[in-house]
Amino acid sequence: MLVADSTLRFNVVDFRLDGTLQCGQAFRWERLADGEWQGVVDHELWRVRQDGDTLTVRGATGVNATERVCRYFALDRALPRIIETFPDDPALRAAVRRHWGLRVLRQSPWETLASFIASSTKQIVQIQQIVGALARRWGEPVGDGQFSFPSASVLARARESELRACRLGFRARYLLAAARAVDSGRVPVEELSRWEFDRARAALLSLPGVGDKIAACVLLFGCGFDAAFPIDVWVERALRRIYFSSRRVSRRVLSEFAARHFGPYAGWAQQYLFFEERLRGRQPVGDDRAER
DNA sequence: TAATTACCTCT
DNA sequence: GAGGTAATT
């Protein structure tokens, strides 16, 4: 069946596709030569482009396609309402100004959990390779040589050695345990969005290989908890420099500060700080030298 | 509590 | 050494 003509158009405001797909929250998007993005979302291959305030999406099908695209890209959120909850500090203001339109995606909880388990001590390119390899090995074809991300029940039946063959290394054991916990219903990752934040977090932390950072990523990118605040080395670096005069402070102090300082959409603020910090090295903002 | 190290594999 | 975790000291 040919579904190539399933084209949807959205009028978008306060939205920037490039930054949203480049800021490290999703691992299945690839920028094609003409600026169009191709990615696998659930069981579909989407091709997306932004021209000014028009977002064009090809490949999303079914009666609820529009709703699903809106949901995935968080088009139903009013960005200014979110930004206005941020604290009024100069560094965050600058990051928001530079990356205006960046949005936290709403991705599949299981895929998010599995991807971030695979992410530890890995660079983005390697994470993309791992996730792609898992999809090719256990996913289903979605066209154009692409594959969906395999379900927890499928991965629960894999051998650890097969997972290792996808370059997971020591993370293979963790992913297998997570797949089994989800498949058995012990950690119902698809339901966590309806749980209390602390309870959902505790369930994720019960998985081997899932600590504070990965749990926060899953809560934020997969379960819709806007206040979840992942602290990786980049965000830690930014927080320490901006708010603690580069002093050495514990993770605990940082996370308590973040929860207090950034408010109900702390996770969104984190994405702006993270993206800005990642870009600092590549596009110097001017004061790098003074800090050494 | 804070610091160190192993854990896989690749750049 | 890398966007982390867990065990150990």
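Within every chain, numbering begins at 1; the chains are lettered A, B, ... in the order of the sequence lines, protein sequences first and strands thereafter.
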Symbol by symbol from the 5' end, with Watson-Crick or G-U pairs under 3.5 Å, [ ] crossing and | another strand, DNA chain B is .||||||.||.
Are the side chains of A:V40 and A:F149 in contact, using a 4.5 Å heavy-atom criterion?
no
Whole-Å distance, A:R164 CZ to B:dC10 P, equals 12 Å
dist A:Q38:CD -> A:L45:CG (nearest 0.5 Å) comes out at 4.5 Å
Note to self: Is any side-chain heavy atom of A:D14 closer than 4.5 Å to one of A:R103?
What the structure shows: yes
Atom CZ of A:R247 and atom P of B:dA2 are separated, to the nearest Å, by 14 Å
(Q) Less than 4.0 angstrom between a side-chain N/O of A:R248 and OP1 or OP2 of B:dA3, yes or no? (A) yes
Heavy-atom nearest nucleotide on DNA chain C taken for A:G209 and for A:Q270; more 5' hit belongs to A:Q270
Exercise for review: Under 4.0 Å between any heavy atoms, over every strand shown, what does A:V235 touch: base, sugar-phosphate, or nothing? Just pick one.
Suggested key: nothing
Rounded to whole Å, NZ of A:K213 lies from P of C:dA6 at a distance of 13 Å
Between CD of A:Q129 and C1' of B:dT11 the distance, given in whole Å, is 10 Å
Would you mind checking if A:R164 and A:E160 are paired as a salt bridge, meaning a charged N to carboxylate O distance below 4.0 Å? yes
- Query: Contact class for A:G24 (heavy atom, under 4.0 Å): base, sugar-phosphate, or nothing?
  - Reply: base
B:dC7, OP1 or OP2 - any side-chain N/O from A:R173 closer than 4.0 Å?
no
Aromatic rings A:F262 and A:F257: how do their planes relate, parallel, tilted or perpendicular, breaks at 30° and 60°? perpendicular
Query - Nearest-angstrom distance, P atom, C:dT8 to B:dC8 - result: 15 Å
Rounded to whole Å, CD1 of A:I130 lies from C1' of B:dC8 at a distance of 9 Å
Inset, instruction - Determine the interatomic distance between P on C:dT5 and the same-named atom on B:dT11; round to the nearest Å. - result: 23 Å
Using distance only, find each side-chain donor-acceptor pair of residues 203-232 of chain A under 3.5 Å and give its atom names and separation, not counting sequence neighbours.
residue, atom, partner, partner atom, Å
A:S206, OG, A:R186, NH1, 3.4
A:S206, OG, A:A203, O, 2.6
A:D212, OD1, A:R201, NH2, 2.6
A:D226, OD1, A:W268, NE1, 2.9
A:D226, OD2, A:R77, NH2, 2.9
A:D232, OD1, A:W234, N, 2.8
A:D232, OD1, A:V235, N, 2.9

B:dC8 base stacked by A:F170? Criteria: ring centres under 5.5 Å, plane angle under 30°. no
A:R167 CZ to B:dT11 P, in whole Å, measures 7 Å
What nucleic acid atoms does A:F274 come within less than 4.0 Å of, heavy atoms only: base, sugar-phosphate, or nothing?
base
Between CG of A:L175 and C1' of C:dG4 the distance, given in whole Å, is 15 Å
Practice prompt. Give a yes or no on whether a donor-acceptor pair under 3.5 Å exists between the nucleobase atoms of B:dC8, that is its base, and the side chain of A:R171.
Written response: yes
Comparing nearest nucleotides in DNA chain B, the 5'-proximal residue of the pair A:E160, A:Q123 is A:E160
A:E277 CD to C:dA2 P, in whole Å, measures 14 Å
Original post:
Does a side-chain N-to-carboxylate-O contact under 4.0 Å join A:E277 and A:R237?
Top reply: no
Value for CG (A:D51) from CD (A:E36), rounded to nearest 0.5 Å, stands at 9.5 Å
